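Here is the structure we will look at, set down as structure tokens.
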Protein chains: 2
Amino acid sequence: MVDVAARAGVSVKTVSRVVNNAPYVQPELAQRVLAAVAELGFRRNHLASSLRSGQATATIGLLIEEIANPFYATIAGAVAEVASDHDTMLLIASSEEDPAREQQLLRDLCARRVDGLLVVPAGEDHSFLQSEVDLGTPAVFLDRPAGELRADTVLLDNRGGARAGVRTLVEAGHRRVGILLDSTSVYTMRERLAGAREALAAAGAAIDDRLVRDGIRDPGTAARVVGELLDQPDPPTAFFSLNNRISLGAVEELHRRGSTAALLGFDDFDLARLLPYPFTVVAYDTRALARAAAELLFRRIAGDPSEPRSLLIPTDLVERGLPGR
Amino acid sequence: MVDVAARAGVSVKTVSRVVNNAPYVQPELAQRVLAAVAELGFRRNHLASSLRSGQATATIGLLIEEIANPFYATIAGAVAEVASDHDTMLLIASSEEDPAREQQLLRDLCARRVDGLLVVPAGEDHSFLQSEVDLGTPAVFLDRPAGELRADTVLLDNRGGARAGVRTLVEAGHRRVGILLDSTSVYTMRERLAGAREALAAAGAAIDDRLVRDGIRDPGTAARVVGELLDQPDPPTAFFSLNNRISLGAVEELHRRGSTAALLGFDDFDLARLLPYPFTVVAYDTRALARAAAELLFRRIAGDPSEPRSLLIPTDLVERGLPGR
DNA sequence: ATGAAAGCGCTAACAG
DNA sequence: CTGTTAGCGCTTTCAT
């Protein structure tokens, strides 16, 4: 900038004004400066700029589990759009479900002085963020609630969606429902399970805990567990799979066996229509979830001082066939 | 940092040393500093640090078309892993296939003084990056070659993969092959088309340009075009679809008609096994593509001064059934 | 409307 | 081993 100023025969401050499109610069001087900028290939150092001006790195941090996962990729895409509307760049970090790593990454994002944080939390305690939030780095949590920290939160209606879905199973006459999930250590799984329990309880159906199977991490395991449940005496007449990885394995096994069990899944699929076994899903709008969170964050960045808010994104039951009992 | 130094009764330099784990600090002083850091909630300002130290923002920029697209999400995931190995964060920007936007985003990334750039190019001319590269911001292009810029490039073997795939069609007796693509303005499509032409030409099959259809952007259009081609006199006996969006539509239409045409697709599917119509694909390792590019970039960042390199990632023919003529 | 000087928070270069 | 000083590139403040 000093070089540009020298070349244009003006002060650095004038260069700064021109580069930032500030008013009150004579067109003639501005021309000279622009010419010098072009000749010298000058590019403003954004780091120095935001160091001096205090805030506004025009960057937000997004912390997710894993960017390659389509759910998080969809979130990242929607967030990127909102960020782009605010001329803001996106720093993306993947926690890989490791709370220690999550904490380190969040600290690092703060050290880079992002304007705000969008977090799909992995850990249970985010109190370490309190000082950052107090110091003016707003944080919005999405998909899962923050632990030990009062902050804005945007969640799916996991419980309500599961309840509505399982209610249709009950209404179709099913009482023995096999429930397949990965881990109760994940908030969304607990909520979905609770919703299922509520719907069954409302029908006066005692829940058979032997039909609830967790630890299912991949389609192969899901297929095996479905087989085991079907092979036991008094097998389930319906299944509720709590995410789409599990649904996939269930579809395969039910199709393979020519079963007539009903299948309900949480999470929609792009290709559900083409799969060889009909099933109904509890769908939701991932982009709406992410957009709501991002827009809330930018409102906070703009200075909205109101109390922390909790938003709930509704789910939608998409019926694609559900055999009765 | 000044406050921490005062509190610990040491100089700022000592604080700096402690915070950066520099050697030659008495454990006792280090303890005092660490205590002061904790009490004051001090967090090092990464911006100021990299401003002063010249380089090393520990950030790389990734420019892609659209993060929500699974192909790019997979790339981002693999890049994030490599970056994480180098304690580096990832700034992701989506060009949305707009060359002007691409240029603006790349300039912005440079203004933020990223240590390097990973680019899936959208535009045809990247000469504007020359000065940045000369000034020490290395750039590696992936999936498509850079325009008007000598730079490292990592590409898929689009042409070879298409050639090998279509050769199997030819060997199965097919001579009339319908070719479905979105746009010849995209490098990868041109290459795949060229590979298909080569394989057909090698078999002495005159290419019927009426069987080559472009402008197919979605599965619905793909299905319609497949129908049109099958309904014309002397229809194709096989189809080659140049990406998986198109393959999806083709699968649907062929299945719907109970057709016996062979289907070959470029791009593999997660769920290909479950789809209702058998087809063979030219598969490739997207993560390998991204890893190779990222590793090359970090080698450049570390100072590798050798000539720009071009890497070619091989493809793999996955046969899942291919009816003969 | 333009410029001079100070300083954002940190680290490099030197002293001690 | 520790401290002092200067300065990264920019913007703020206050003159002019």
Side-chain angles (χ1 to χ4, degrees), chain A residues 1-34 36-37 40-59 107-115 131-132 135-137, chain B residues 1-34 36-37 40-59 107-115 131-132 135-137:
Chain A
M1 208 175 233
V2 174
D3 297 344
V4 172
R7 178 103 177 194
V10 298
S11 75
V12 286
K13 178 66 236 196
T14 299
V15 176
S16 173
R17 286 197 179 95
V18 173
V19 168
N20 292 290
N21 298 312
Y24 308 129
V25 179
Q26 282 192 335
E28 187 203 343
L29 284 192
Q31 278 313 319
R32 291 221 310 267
V33 170
L34 257 19
V37 163
L40 270 49
F42 167 83
R43 190 125 322 139
R44 172 155 155 275
N45 185 326
H46 191 270
L47 268 57
S49 159
S50 45
L51 173 59
R52 178 64 241 236
S53 61
Q55 291 306 327
T57 52
T59 310
R107 284 188 192 282
D108 195 353
L109 287 168
C110 290
R112 283 156 202 265
R113 296 296 189 269
V114 292
D115 297 336
S131 55
E132 305 292 349
L135 255 70
T137 306
Chain B
M1 208 175 235
V2 174
D3 296 345
V4 172
R7 178 105 180 194
V10 298
S11 75
V12 287
K13 180 67 233 195
T14 299
V15 176
S16 173
R17 286 199 179 93
V18 173
V19 168
N20 291 290
N21 298 312
Y24 309 128
V25 179
Q26 282 193 334
E28 186 204 343
L29 284 191
Q31 279 313 318
R32 293 221 308 268
V33 170
L34 257 20
V37 163
L40 271 48
F42 168 83
R43 191 122 323 135
R44 172 157 156 276
N45 185 326
H46 190 272
L47 268 56
S49 161
S50 45
L51 173 60
R52 176 63 241 235
S53 62
Q55 292 306 326
T57 52
T59 309
R107 284 187 193 281
D108 195 354
L109 287 168
C110 290
R112 282 154 201 267
R113 295 298 188 265
V114 292
D115 297 336
S131 54
E132 306 290 350
L135 253 70
T137 306

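Note on naming: letters A, B, ... go to the chains in the order of the sequence lines (proteins, then strands), and numbering restarts at 1 for each one. Not measured: the values here are computed from a predicted model.
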Interatomic distance, CG@A:Asp115 vs OG1@A:Thr137, rounded to 0.5 Å, equals 8.0 Å

Work out how much the helix from C:dA1-D:dT16 to C:dG16-D:dC1 bends between its end axes, five pairs an end, to the nearest 10 degrees.
30°

Here the residues of residues 25-32 of chain B within 4.0 Å heavy-atom distance, strictly under, of DNA chain D are B:Val25, B:Gln26, B:Leu29

When you look at B:Arg113 and A:Asn45, which way does the side chain to side chain contact (heavy atoms under 4.5 Å, CB included) test go after all the steps?
CA-CA 7 Å; B:Arg113 295 298 188 265; A:Asn45 185 326; 3.7 Å; yes

Going by salt bridge (charged side-chain N to carboxylate O under 4.0 Å, His left out), name the pairs with one or both residues in residues 18-33 of chain B, residues two or more places apart or in two chains.
B:Glu28-B:Arg32

With rounding to the nearest 0.5 Å, note down the distance linking OG1 in A:Thr59 to NE2 in A:His46.
6.0 Å

Please answer whether the main-chain N or O of A:Arg43 pairs with a side-chain N or O of B:Arg107 as donor and acceptor at a distance below 3.5 Å.
no

Within residues 2-15 of chain B or reaching into it, pairs that qualify as salt bridge (charged side-chain N to carboxylate O under 4.0 Å, His left out) - sequence neighbours excluded
B:Arg7-B:Glu39

Drop me the distance from A:Ser49's OG to B:Leu47's CG, to the nearest 0.5 angstrom.
9.5 Å

Sorted by chain and number, sequence neighbours left out, salt bridge (charged side-chain N to carboxylate O under 4.0 Å, His left out) with A:Arg52 holds for none

Per-nt protein contacts along nucleotides 7-16 of chain C (heavy atom under 4.0 Å; B base, S backbone sugar-phosphate only, - none) come out as BBBBBBB---

If we ignore hydrogens and angles and just use 3.5 Å, is the side chain of B:Arg44 paired with the main-chain N or O of B:Asn20 as donor and acceptor?
no

What is the distance from atom CE of A:Met1 to atom OG1 of A:Thr14, rounded to the nearest 0.5 Å?
10.5 Å

